Peer 1: 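Have a look at this one before I ask anything.
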2 protein chains.
Amino acid sequence: MNIVPIVLAATRMLMPVPAEITDAPGRMPVDGAFTIGIAGSADERLLAGVRRTRERLSRRTGLDLPALRTGEGPATLRIRAARLGSAIPALGDDESYTLEIGDGGGDLRAPTVVGALRGLETFLQLVEGDGQGYFIRGVRIADRPRFPWRGLLIDSGRHFMPIEVLKRNLDGMAAVKLNVLHWHLTEDQGFRVESRRHPKLHQMGSDGLFYTQDELRGIVAYAAARGIRVVPEFDMPGHVTSWLVGYPELATLPGPYAIGDKWGIYDPVLDPTRDEVYTFLDGFLGEMAAIFPDAYLHIGGDENNGKHWDQSARVQEYKRAHGLADNHALQAHFNRRVAQILTRHGKKVAGWEEILHPDLPKDIVIQSWKGPQPLAEAARQGFSGLLSAGYYLDYIHTAAKHYAVDPIAADAGLDAAQAARVLGGEACMWSEFVGPETIDSRIWPRMAAIAERFWSPATVTDVDDMYRRLEPIGVQLEDLGLTHEKNADMMVRRLAEGGDVEAVRTLAAVVEQVKVYARDDSRQSTRHTPLTRLVDAARPDSREGRRVSALVAALLSGASASRDPLRATFAAWQRAGGAIAQVAADAPILANAIPLGGDLATVGRLGDEALGYLQEGAPPTGWADAARAALDAAAKPKAEVELVVVEPVRALVAAAATRRP
Amino acid sequence: MNIVPIVLAATRMLMPVPAEITDAPGRMPVDGAFTIGIAGSADERLLAGVRRTRERLSRRTGLDLPALRTGEGPATLRIRAARLGSAIPALGDDESYTLEIGDGGGDLRAPTVVGALRGLETFLQLVEGDGQGYFIRGVRIADRPRFPWRGLLIDSGRHFMPIEVLKRNLDGMAAVKLNVLHWHLTEDQGFRVESRRHPKLHQMGSDGLFYTQDELRGIVAYAAARGIRVVPEFDMPGHVTSWLVGYPELATLPGPYAIGDKWGIYDPVLDPTRDEVYTFLDGFLGEMAAIFPDAYLHIGGDENNGKHWDQSARVQEYKRAHGLADNHALQAHFNRRVAQILTRHGKKVAGWEEILHPDLPKDIVIQSWKGPQPLAEAARQGFSGLLSAGYYLDYIHTAAKHYAVDPIAADAGLDAAQAARVLGGEACMWSEFVGPETIDSRIWPRMAAIAERFWSPATVTDVDDMYRRLEPIGVQLEDLGLTHEKNADMMVRRLAEGGDVEAVRTLAAVVEQVKVYARDDSRQSTRHTPLTRLVDAARPDSREGRRVSALVAALLSGASASRDPLRATFAAWQRAGGAIAQVAADAPILANAIPLGGDLATVGRLGDEALGYLQEGAPPTGWADAARAALDAAAKPKAEVELVVVEPVRALVAAAATRRP
């Protein structure tokens, strides 16, 4: 399963694919004499970026590489940034660069330091090895992003994420040329920032799990050093239960309030009728505006169900007095006042699609999450926007599915000026069901495919080529400390309680969490529920599932070389599936996986039988019907996961069923 | 290889084994209703310790456990500490506890909070599962440590270790009841602490890789919360090259000095003749004494080769003037003055065995590293001491080898009073060849076996039982964030460069780094050399090697059930060994592993042939001689590793050679 065919496509092993790439003659060796030199503009960002590049290259190649050189002297890779560019990254920064590798050396040129940093990531992805050593074959790249806003949302509200989670993910983001961390910092389940102005916010709203202001500044600096903006989100007027624990007087209905435990939409909402609420927000947002230098501050605005507003006589009276027809108008009224506050603090507003309202200033950014229509509608109304619908990482869709979504839908009907208002997109890592141990595996490597959608030309859409490149990029991302690969096996060992680890590993490799919002559909879990079950060890977009599907497709196209690996796989499933019940006997945490073990064994047996009939003979009467029924049963989700290898075996069964004696 | 037979030995799955343990009737369920209650004395240390216990239990069982209860009310596990004990742990603290588990509930009692923390770790290790759920079967434990000083040395000097490395290892230490972090903070290759008094120490001596004073205090607090002392080491008068970069005037010979790059013993040494040196040390040690609250401060004292002293006329004159016969006497003179300084700052001296000298005050602690004799000698002279000889983790010996070393050797000839001066021991993780990615795998799980030697009765020496327990403890340690298991596979993936990962994994599983000081015997590597080669991915005390040895031993004792797994293993070696050259063709970092691939294939083939002859027939003439010669060749180290499966196959070959047709 780990053998990746090294096909030298035009896209090489690059992700995201550059805007322009041409093969060129020559070969630049990466050996013990390889040096990087910086001429032109340089600041600590660039120096540190080059040092990190050298260390990563050194770890990968095992070479003790010479130190960075500065000045106009000779070097193997010569870097020249025309100017520093803004020290704090901003929307619209020039991130372009050119990279030319020829015989014995190469040149990376960029108009800004951030462009040079982007080029260094491309440089690292170009390195390959052969019998003579590591090297880069000749190439000319001229690269620039398609969209200026390419983000990842990390939700620290529902599950707190320690600082190192943010840091390693920022490193991963930089590796695939993302440039916005959308940091969701407050939720019904937790208020995660220290407020010195209103300290009961974090003291009473966080269970002690919050970021100090020093830590927030540290993350902003860490991101800026990698050319990544940090856009903080303080979701309002809904999603504020944790605010109200310490300050119930901000609420529409009287308290007391407690930190939310369960998931879903909460009723508590800020009272938009009281001046004290705006005074409070002025203080808090002013404090945050001083910590987060980005031009944008995200005010959320989603999922206010309006129930408490409807129950408040005061709110009803206020709506009448101000001629506000409905709650949407009332929220727009609230948003205008918040936008005025933010303007005073030098910030522009970003918000979810619910904030879209013609009365709002045109410099806001609308983030579409339910579907692409609000984005197009916003663009037509003259608002800028971002697409997140289609990029929800917590839905556990495949990389291919996300990859097919374009921020500018073909049928959006936007003219050029309107299309230009689509600034890009953001993938969202909502954290109901991820913690520090599992969040990386939900983000990576799928995020790299989405990053390509945001950066690369719209014409880059070859799914097979995307997956070919995703594999090595996934391994390279591990070098940054990301745990998307290695934690799964750790979790499997923990689950097995000393029992048959290989059986649990085999099962975990072919299941995926149920999709979209199907997990916890009984709404029993809370923010305290451990995320250590089989469903958590299972990873999205099962690699093993893809491998088996590809083998089956190949076999059915006549590639008989697929038969032996399939037979071995089906045997492994039968063995592993049969062993799960025994493992679970000493590991009660696996008790709900016992039926899955039976399913896996059945699917393995049916696959093996189908292979047999395909090779010679024909199935007896009734076999195919019984097989289909068994596969239907195996396809039903259990323990919050679904077996992803039912469909390829179904295809084998269907093919076998056509055989006649 | 992952199936651990659950043999309910008297020692259960406990490591270290308690002083007294007795089976008792009853069963305490650990289910969704399981509660922990604290009565008696409690402080934040105990509350936090119980919260951590609950979280670990929750992760392992998947249960959403109720929150901690305080006060005298009912709870499933009731904890009672008689008194808080010292908030900062100190040598000689009472760490004892009793743990009684009966039907439906249990009691943990301890004279101090630290004793209760120790008992909580035992509690976690007692949890097991069956068809009815998780539970602890009835037991009575009365436990206390054999030695009061049970340490791990971490060398942050040669390779800097980020704070999270320290934290996760402190968690691991607490899990196996270690109580001293010996923190080696300065070396020829790096000065790792911020000194505000003498800032050029860290500014010029560390390449920017140092701990701020806040970070140092943070680690002291983190350790104290787990009942672990932090003994800082500032090695002197040798091992000080990094000090001299900023302050060459402290040196015996004139500078300038540069941070050491290579490994080994350096000549630079403090000048013991100048008052300014003692004034400088007074300032620095006073600063450190305020940060580290422990009663002891370690001054190193090892490996001063005296060359610079011999070359200094001033030093020669000083020795004459003070009647100092040799450099050992001069160093003792230096040590006395340093000890006086430390006494003024409220500290006692700890130092390596070289500092042993009758003139020194009797309250110092001598740490023996070359052999056990200095420890016995120190004890006879009235000094307290620690054993580190035999516990050098960087020697890459087996856990069994370390386990066999006792701080009080049977032949030491100490009387009871002298033996009582042996305070315990410390394992040493010197960091020439470990970095943040690999250090955990060199420490764990072997450290757990050494921890047992320090804590458990001297009679606990069953090696098989130790390994039986080491396996599940190793998995439990992973839950603390330790990377000893999971990083190896990440490193293998990186090495393979997209090639046959399984082949590299198979090879890495059966090699170990060459022992003691054989690595880098050409002295080419530096502190910049990446630690990412096969030798780094290889782990000490190869589990796979032990598995194969056990199978072979069983087979040769007549257990024919070992034949099939051995045959499968030998086939895997032949396949993997044969594939290494191909992987290395695209992964030059593996070039030096190509001969190992050949060796592995050969060993697999010979093993398979021997199995065949053992089953039926007899080897042809010359086969055994040729096989032995091939095994001798395969046994030779290559790429700084040795193949650990040569010896079991040699045993098979020897047995097969006795067959006659």
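Just so you know, these numbers come straight off a predicted model, no measurement behind them. Computed over heavy atoms, backbone and side chain alike; hydrogens, waters and symmetry mates excluded. Numbers restart at 1 for each chain; the letters A, B, ... are given by sequence-line order, proteins then strands.
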Peer 1: Which bit of A/Asp130 comes within less than 4.5 Å of chain B, counting heavy atoms only: side chain, backbone, both or neither?
Peer 2: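 Backbone plus side chain of A/Asp130, per the 4.5 Å heavy-atom cut-off to chain B.
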Peer 1: Name the option with the most non-hydrogen atom pairs under 4.5 Å to chain B; the candidates are A/Arg60, A/Met490, A/Gln132.
Peer 2: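 Counting heavy-atom pairs under 4.5 Å, the top option is A/Arg60.
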Peer 1: A/Asp64 and B/Ser525: side-chain donor and acceptor closer than 3.5 Å?
Peer 2: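 Distance-only check fails for A/Asp64 and B/Ser525.
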Peer 1: Apply side-chain hydrogen bond (donor to acceptor under 3.5 Å, both in side chains) to A/Lys486 and list each qualifying residue two or more places apart in sequence or on a separate chain.
Peer 2: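 By the side-chain hydrogen bond (donor to acceptor under 3.5 Å, both in side chains) rule, A/Lys486 matches B/Asn487.
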Peer 1: Counting neighbours of NZ on B/Lys262 that are heavy atoms of other residues, nucleotides or ligands and sit closer than 6.0 Å, is the number greater than 12?
Peer 2: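 Atom NZ in B/Lys262 is crowded, with more than 12 foreign heavy atoms closer than 6.0 Å.
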Peer 1: Measure across A/Gly62 and B/Arg533 and return the closest heavy-atom pair with its distance rounded to 0.1 Å.
Peer 2: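 The pair with the smallest heavy-atom distance is O-NH2, 3.2 Å.
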Peer 1: If you take all heavy atoms of B/Tyr134 and A/Pro588, which pair is closest and at what distance?
Peer 2: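 Minimum heavy-atom separation between B/Tyr134 and A/Pro588: CZ-CD, 3.3 Å.
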Peer 1: To the closest 0.5 Å, what do you measure between CZ (A/Arg54) and NE2 (B/His528)?
Peer 2: 7.0 Å
Peer 1: For chain B, which candidate among A/Glu485, A/Gln524, A/Glu164 shows the most heavy-atom pairs at distances under 4.5 Å?
Peer 2: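 Heavy-atom pair counts peak at A/Glu485.
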Peer 1: By a 4.5 Å heavy-atom criterion (distance strictly below it), what part of A/Thr61 contacts chain B: side chain, backbone, both, or neither?
Peer 2: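 The answer is the backbone of A/Thr61.
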Peer 1: Check A/Glu437 against B/Asp479 and note the closest heavy-atom contact, atom names and distance.
Peer 2: OE2-OD1, 4.2 Å
Peer 1: Quick one: which of B/Ala67, B/Ala587, B/Gly133, B/Gly129 has the most heavy-atom pairs under 4.5 Å with chain A, could you say?
Peer 2: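 Heavy-atom pairs under 4.5 Å are most numerous for B/Gly129.
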Peer 1: Tell me, side chain or backbone of A/Arg494 under 4.5 Å from chain B's heavy atoms, or both, or neither?
Peer 2: both
Peer 1: If I take atom CD from residue A/Glu478 and atom CG from residue B/Asp489, how far apart are they, to the nearest 0.5 angstrom?
Peer 2: 8.5 Å
Peer 1: Quick check for you: to the nearest 0.5 Å, what is the distance between B/Arg493 atom CZ and A/Gln476 atom CD?
Peer 2: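 Between atom CZ of B/Arg493 and atom CD of A/Gln476 there are 13.5 Å.
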Peer 1: With chain B, which of A/Ala591, A/Ala585, A/Gly435, A/Gly131 has the greatest number of heavy-atom pairs at distances under 4.5 Å?
Peer 2: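 That would be A/Ala585.
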Peer 1: Which value, rounded to the nearest 0.5 Å, describes the distance between A/Ile589 atom CD1 and B/Leu63 atom CG?
Peer 2: 7.5 Å
